[in-house]
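Positions are given from 1 along the sequence.
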Amino acid sequence: MFTETQLLHLPHDNDGVYRTLLESTKAIPWKIDWATKRYVYVGPQIEALLGWSVGTWVTVQDWADRIHPEDREQVVKHCVELSIAGVDHEADYRALTADQRYVWMRDTVHVLRNAQGETEALIGFMFDISERKITEEKLLSLQRELEVMSYKDGLTNIANRRRFDDAMAQYWERAMQTQHPLSLMVLDIDFFKQYNDYYGHVRGDQCLIDIAQMLAQTLDGPSDLVARFGGEEFVVLLPEVPAHIAHQVAERFMRQLKEHPIPHPGSPHGQRVTASIGVGTIVPQSGTQSIDFIEAVDQQLYLAKKQGRNRVVSQNIELSRPAFFAGDATAPGPVLTTAAQSWRQR
């Protein structure tokens with residue numbers, strides 16, 4: 001490569017060797033006098049890439065004016081601050097072409113300083129990085145698609161357990177800060193094993209898909225979330241929804257299930273698929289945990305099954321805080337019931 005001295009005196013080099021070499025590359029060399037902010041030299045390759053003739057690159061304002069408006073302020077500020085500080089740097093931005101398109105460019109900048117350490121000139125190269133940016137955008141798009149897929153249940157195409165866990169953590173924290181209610185529905189399809197035994201797993205899968213779609217159609221709020229919890233269990237998160245509304249949502253789904261019956265000869269409830277639903281609502285307090293709330297709602301589901309299935313059992317949930325929050329640093333956390341312990345083992 002070229003030494004600082006060779007680049008510094010590039011425009012006045014008599015034999016033109018270094019200039020010929022530089023101007024034969026795809027990288028576009030340039031030099032700016034810092035005192036005047038004027039271009040001392042710009043490689044002729046600039047015209048082939050951007051369409052602007054060398055003569056139109058007079059001052060740094062010409063460079064700034066040709067940066068995309070969305071990039072301009074940040075890029076100019078970044079470059080000016082580091083140039084004043086005497087720090088070499090890079091900048092990526094979209095540059096305006098003469099035919100009013102934008103091309104992704106990268107400037108690599110070397111700061112030349114005088115004997116007193118003051119900035120004297122800037123020399124650097126412009127590179128066309130459009131292809132690289134296109135590749136990066138494709139990779140980002142693929143990454144986003146994979147992230148979405150990682151949050152979806154492969155069968156029903158609704159949210160999966162991982163998405164539910166993330167959403168619960170987020171909604172729980174928000175409800176604790178705002179002291180707004182958070183409601184949860186836990187749903188289990190009644191006698192699903194018998195359904196699978198009678199119809200086979202293909203029809204069983206379709207039943208799960210139909211239930212998931214009905215649940216999704218039942219929801220109103222933009223932040224409501226329905227997820228497959230595992231097997232024939234589903235959960236519905238209802239942020240900022242009070243208890244009576246959450247109960248209404250559950251009953252609305254039960255009506256949907258009745259109005260659009262899925263035949264089930266092994267069911268004692270009209271020979272159709274039914275569901276048992278536990279519903280709970282809480283305003284989280286400091287020191288309480290979402291896992292205990294889920295366990296409490298799961299106990300409502302257990303009661304719905306115990307009372308004969310095909311019903312909704314709901315309750316306002318209050319969790320007692322561990323004694324630690326009352327000042328006893330040695331006290332254990334809440335003791336789980338047998339039903340709650342079995343939930344954790346699922």
Side-chain angles (χ1 to χ4, degrees), residues 152-161 163-164 183-221 224-238 241 243-281 294-317 337-346:
K152 278 190 176 182
D153 178 63
L155 175 64
T156 62
N157 209 35
I158 61 174
N160 59 14
R161 172 67 182 273
R163 177 71 182 97
F164 168 75
S183 292
L184 173 67
M185 294 168 44
V186 180
L187 176 150
D188 186 81
I189 301 175
D190 297 330
F191 307 107
F192 187 70
K193 182 181 183 302
Q194 291 87 333
Y195 185 94
N196 262 337
D197 290 343
Y198 186 87
Y199 284 114
H201 290 287
V202 174
R203 288 280 295 273
D205 286 349
Q206 186 58 52
C207 177
L208 292 172
I209 293 170
D210 293 342
I211 294 293
Q213 290 177 346
M214 283 189 200
L215 271 172
Q217 292 167 3
T218 302
L219 305 184
D220 295 324
D224 296 349
L225 178 77
V226 56
R228 186 179 178 196
F229 202 62
E232 66 271 23
E233 284 191 317
F234 297 84
V235 286
V236 179
L237 263 175
L238 302 169
V241 171
H244 70 285
I245 299 296
H247 186 88
Q248 290 174 12
V249 172
E251 291 289 1
R252 185 161 68 235
F253 168 75
M254 297 292 272
R255 288 195 300 273
Q256 283 274 87
L257 202 54
K258 187 175 183 178
E259 292 168 3
H260 302 86
I262 302 172
H264 184 353
S267 171
H269 301 290
Q271 293 192 321
R272 64 181 179 87
V273 170
T274 60
S276 300
I277 305 178
V279 183
T281 302
I294 298 171
E295 289 163 352
V297 179
D298 191 67
Q299 290 183 48
Q300 304 311 302
L301 170 62
Y302 173 78
L303 290 175
K305 290 181 176 182
K306 189 176 180 180
Q307 293 172 15
R309 295 183 168 85
N310 188 30
R311 67 192 66 235
V312 178
V313 174
S314 55
Q315 182 176 332
N316 279 300
I317 307 296
T337 64
T338 302
Q341 289 172 345
S342 68
W343 181 91
R344 278 194 169 170
Q345 294 168 0
R346 289 182 185 179

Less than 4.5 Å apart, any side-chain heavy atom of V273 and any of F192?
no
Within a 6.0 Å radius of atom OH on Y199, are there more than 12 heavy atoms belonging to other residues, nucleotides or ligands?
yes
Which pair of non-hydrogen atoms, one from G204 and one from N196, has the smallest distance, and what is that distance?
CA-OD1, 3.2 Å
When every non-hydrogen atom of M185 is compared with those of A246, the smallest separation belongs to SD-O, 4.3 Å
Going through the checks in order, is the side chain to side chain contact (heavy atoms under 4.5 Å, CB included) test met by V186 and Q300?
CA-CA 8 Å; V186 180; Q300 304 311 302; over 6 Å; no
Do the side chains of T218 and V249 get nearer than 4.5 Å, heavy atoms only?
yes
Run T274 and H269 through side-chain hydrogen bond (donor to acceptor under 3.5 Å, both in side chains) and show every step you take.
CA-CA 7 Å; T274 60; H269 301 290; 4.8 Å; no
Are side-chain heavy atoms of H264 and Q194 found at a separation under 4.5 Å?
yes
dist K258:NZ -> F253:CZ (nearest 0.5 Å) comes out at 14.0 Å
Output the distance between atom CG (L238) and atom CG (L184), rounded to the nearest 0.5 Å.
8.0 Å
Within the structure provided, determine whether M254 and I277 are in side-chain contact (heavy-atom separation under 4.5 Å).
yes
With no hydrogens and no angle check, is any side-chain donor or acceptor of S183 less than 3.5 Å from a backbone partner on V241?
yes
Chi angles and distances behind the side-chain hydrogen bond (donor to acceptor under 3.5 Å, both in side chains) call for H244, Q248:
CA-CA 6 Å; H244 70 285; Q248 290 174 12; 5.0 Å; no
Atom CE of M214 and atom CZ of F234: how far apart are they, to the nearest 0.5 Å?
11.0 Å
So do L225 and V236 actually touch side chain to side chain, heavy atoms under 4.5 Å?
no
Taking all non-hydrogen atoms of both residues into account, name the closest pair between T281 and A243 and its distance.
OG1-CA, 3.2 Å
So, are R252 and D220 salt-bridged, with charged N and O less than 4.0 Å apart?
yes
How long is the straight-line distance from CG of D190 back to OG of S267, given to the nearest 0.5 Å?
7.0 Å
Hey, could you give me the CD1/OG1 distance between I209 and T156, rounded to the nearest 0.5 Å?
7.5 Å
If I compare all heavy atoms of A250 with all of V279, which pair ends up nearest, and what's the gap?
CB-CG2, 3.8 Å
Checking D224 side chain against G221 main chain: does a donor-acceptor pair fall under 3.5 Å?
yes
For N160 versus D153, what's the shortest heavy-atom pair and its separation?
CB-N, 3.7 Å
Look at the side chain of R311 and the backbone N and O of R309, then say whether any donor-acceptor pair between them is shorter than 3.5 Å.
yes
Ring pair (Phe, Tyr, Trp, His ring centres under 6.0 Å) between F191 and Y195, intermediate numbers included:
CA-CA 7 Å; F191 307 107; Y195 185 94; over 10 Å; no
Just wondering, do L187 and L215 contact through their side chains at under 4.5 Å, heavy atoms?
yes
Does the side chain of V297 reach to within under 4.5 Å of the side chain of I294, using non-hydrogen atoms?
no
From E232 CD over to I211 CD1, what is the distance, rounded to the nearest 0.5 angstrom?
11.0 Å
Over all heavy atoms of both residues, which pair between A296 and I317 is shortest? Give the atoms and the distance, please.
CB-CG2, 3.7 Å
With distance as the sole test, does R228 use its side chain to make a donor-acceptor pair with the main-chain N or O of G231 at under 3.5 Å?
yes
Quick one about D188 and S276 (side-chain donor to acceptor, distance below 3.5 Å, no hydrogens or angles considered), yes or no?
no
